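First the proteins, then the strands, lettered A, B, ... as listed; each starts at 1. Just so we're clear, the structure is a prediction, and the values are computed from it rather than from any experiment.
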Amino acid sequence: MRWSHYFIPTLKESPAEAEILSHKLLLRAGLVRKLTGGLYTFLPLGLRTLRKIEVIIREEMNRAGAVEVLMPALQPPEIWQQSGRYETARDVLYKARDRANKEWVLSPTAEEVITTLAAGEIASYRQLPVNFYQISVKFRDEIRPRFGLMRAKEFIMKDAYSFDASDEAAMASYRRMYDAYTRIFNRCGLKNFPVEADTGVIGGSHSHEFMVPAETGENDVVYCEACGYAANIEKATSGIPATAAREAGPAPEKFATPGVVTIEALSKAPYSVPANRQVKTLIYIADSQPLIILVRGDDQLNETKLMARTGAVQARPATPEEIFALLGAHPGSLGAVVNVPAHVKVLADERLRGANDMTTGANEDGFHLKGVSLGRDIKVTTWFDLRTVTAGEPCAKCAKPLKIRRAIEVGHVFKLGTKYSEKLNACFLDADGKSKPCVMGCYGIGVTRTLQAVIEQCNDKDGIIWPLAVAPFQVCITPLAVAKDSAVMQLAEKIYAELTAAGVEVILDDRDERPGVKFKDADLVGFPLRIGIGEKSLAKGEVELKPRGGALTLVKAEEAVAKVREFLAGKA
RNA sequence: CGGGACGUAGCUCAGCCUGGUAGAGCACUUGGUUUGGGACCAAGACGUCGCAGGUUCAAAUCCUGUCGUCCCGACCA
C-alpha cells in the first residue's frame, strides 16, 4: 500500500471530545472518526486492525470447535417477551417500527435468536454438543456512552452460544471457551487475566470476565497476588472476620442524638460510637418491594450482590418520603429493632451475624439505640454476603492481603444453564428417550473495545505501539526523497516490491513531506517496524531498521528484506 | 435522571465579564525558499458565532428556552 493512495488523516492535536489516551490516539492516528456520541466510523487503518483481531478470534473459536453463523440484528420483540428480557433488558433495547407500525428490536445480544434456532433444529442428543458464534454489530442504548469505542451505542461483538446435553458437558464447553479467550487476548498482545464475575440480568450460575489492567477501566478487580484469587468487586468476597462479640446488656437502650444523621457524626464525641459498632440501615425498593438492609457501619452495601442474592431485576434506594412512610423516621435515624412492618424483609450482611452491643437508629428522628444484639433484638429474615470488599482485607483462600485495581472488561463467559432453552423450548431427546432442555453457555468478546484496550495498553508519548499481530501494517518504508529517479526512492520501491511479494504487510510512505512529518506520523500510527531510507546512509549502502519503541540499527541495503523477515519471524 | 463544564473556521482555542466592522495558531490553496524528527516567507480561501425566541438603535457578547458534546455520579448483559 502506498500512503499517498490510502487515507490516514492524522491529527497533531487531540480533539476536545477525547479524554483518555487511547481515545485520543484512535482519533489522532486516523483510525476512527465520530459520527455522533457513541457512534464511530472506522477509517481504513482502524478497519485493518479490527479485521486482524477478528481473524484471531475466528481462528481460536474454530480451533475450540465453535462454528460461525450470522444472525439478524433486527429481531422480533416476541422472542424477547418469551425469554422475559423484553422487560428486564428494556432500558438497553433500541426499538424501531416498520411501516405497518410493528415494533422491532435491534439486537444487543442474541440468546433469543440462537435459542429459537436451536429449538427448531436440534432434536437429538446426537446433535450435541454444538457451539455457534458470530461476529456482528450490536446495539445498546447505553445511559452514557463514553471513552470512544469503550462504551458505545453500537459496537462489534463476538458472541458464542454453546448447547450441551448435560451439566458436565456444558462445563467442558465453558472451559474450552475460557481457554480460547486466554489465547485470543494473549495473541492480541494484551496483558489480561480472568476474574470471577456476577452474572447480572443475563442469568446463569457461573461466570468469568476477562480483564485488561488499565487505570481508565470501568471495573474494579479484587485480586490476591499470593494465591491468584481474582474477582470483580461486584462479586468478590474476603476472609474478613465477623464482628467481635462483647459483653451485652439485657436490652437495647434508647438515647437522644439530636441532629445526628451520619455514621461519622455518631462516631464522634459526645457519642463516640466507632463505625464498626454501628449497624447501617438502608432501605431499598427491589422490584417494587421495600427491603431493609443491614450492613456494618464501616461497610458499604454492594448493590450487585443485593440484586444477585434477592434475584431482583431492579433495585434502587428508597426516597426519604418512602422511608418515612415505611418506618416513621428519616434516613439517619433508621433501624430494624422497632416499628418494622411485618411484611418487610430484613436482609443482613454476614459480618453482623452474632454481633451484639451494637448501636443503630431507633426509627424515631433524633434517637438511636445502643446495646443492640443481632438475632435477639433484630429479626433478620435472611443473612447474605452483601458488603463490598476493600483493599487490604485478608484473602478468603490464603489470608494474604487483597489488592484492588482498575481494569477494562474485554470478554465475558457465562454458564447459562437451561434458563433460555426452557423458555424458548430448545429441547432434545436424550438417549433414554426423554425430552430435556439444552444446557447452554454464552460467551462474549467486545471486539471494538478490545481494539481500544490494545491502544490503551500499548503506547508511549509519541503514539501507538502496535503488537505485531494486530498492527494495521507490519512495516512502514520511509524514503526521505520521493522523486521517481532518486536512488532513495528506487531502493524504497525495490524493497517495497520484494516485501510485498513475500507477503509482508507493508506501507510505503511516498508522500512528498519533510522527514519530520513522516517520522512523527509513523510513530503516531505505531507500525512495528520502520525502514528508513535516506541519502546519508544510502551513500554507505545502508538503510535503517527502527522497531517502534526500540533502537535503530543500520543494515546493508541488499540485506534489508532478509532482516525484516527475520524481525517479523522473531516476533510472530 | 441528578451535578458540572463547554458549543465561535476542518482542528485547538481567544473574544463574552464591560453589547458597536468575527480573530489567532495549526490544517487547506497558490508562488517561492527549504528538506534526517510535525519548516519559513508572501498571497489566498474558509463563519448564519449550535438552534429558536426575547431585550436593545445595535447581540458571538445580556435574558429565556432548546439541541448537542464532554466530565462526575446514578445506571450498566
Just the rounded figure in Å: distance from P of B:rC70 to CZ of A:R151. 14 Å

With a 4.0 Å cutoff (strictly under), does any side-chain N or O of A:R144 reach OP1 or OP2 of B:rC76? no

Toward the 5' end of RNA chain B, by each residue's nearest nucleotide, A:K546 or A:F147: A:K546

Touch check for A:S537, heavy atoms < 4.0 angstrom, all strands: base, sugar-phosphate only, or nothing? base

If you pin A:T36 and A:K12 to their nearest nucleotides in RNA chain B, which one's is more 5'? A:K12

So what does A:R33 touch, heavy atoms closer than 4.0 Å: a base, only the sugar-phosphate, or nothing? nothing

Base, sugar-phosphate alone, or nothing: which one does A:K34 contact when heavy atoms must sit under 4.0 Å apart? sugar-phosphate

Which value, in whole Å, describes the distance between the C1' atoms of nucleotides B:rC46 and B:rU30? 15 Å

Taking only N and O in the side chain of A:R316, is any of them less than 4.0 Å away from OP1 or OP2 of B:rC1? no

With a 3.5 Å cut-off and just heavy-atom distances, do the side chain of A:R146 and the base of B:rG73 make a donor-acceptor pair? no

What contact category does A:G37 fall into here, base, sugar-phosphate, or nothing, at under 4.0 angstrom with non-hydrogen atoms? sugar-phosphate

Base, sugar-phosphate, or nothing: which does A:D91 touch, judged by heavy atoms less than 4.0 Å apart? nothing

Within the 3.5 Å criterion, strictly below it, is a donor on A:Y86 or A:E112 matched to an acceptor on the partner's side chain? no

Answer with base, sugar-phosphate or nothing: what part of the nucleic acid does A:E409 contact at a heavy-atom distance below 4.0 Å? nothing

Would you mind classifying the nucleic acid contact of A:A18 as base, sugar-phosphate or nothing, using non-hydrogen atoms under 4.0 angstrom? nothing

With distance as the sole criterion, do the side chain of A:E13 and the base of B:rG38 form a donor-acceptor contact below 3.5 Å? no

A:K305 pairs by salt bridge (Lys or Arg N to Asp or Glu O under 4.0 Å) with which of A:D299, A:D349, A:D385? A:D385

Any N or O donor-acceptor pair linking the side chain of A:D462 to the base of B:rG37 at under 3.5 Å? no

Check whether the side chains of A:T304 and A:D198 place a donor and an acceptor atom closer than 3.5 Å, and report yes or no. no

Suppose you measure atom C1' in B:rC41 against the same atom in B:rG36; what distance do you get, rounded to whole Å? 23 Å

Say you pick atom C1' in B:rC67 and the same atom in B:rA22; how far apart are they, in whole Å? 24 Å

Could you check whether A:K280 pairs with A:D298 (Lys NZ or Arg NE/NH1/NH2 to Asp/Glu carboxylate O, under 4.0 Å)? no

On a whole-Å scale, what distance lies between the P atoms belonging to B:rA5 and B:rC63? 14 Å

Rounding to the closest angstrom, what is the interatomic distance between B:rG10 and B:rU56 at atom P? 34 Å

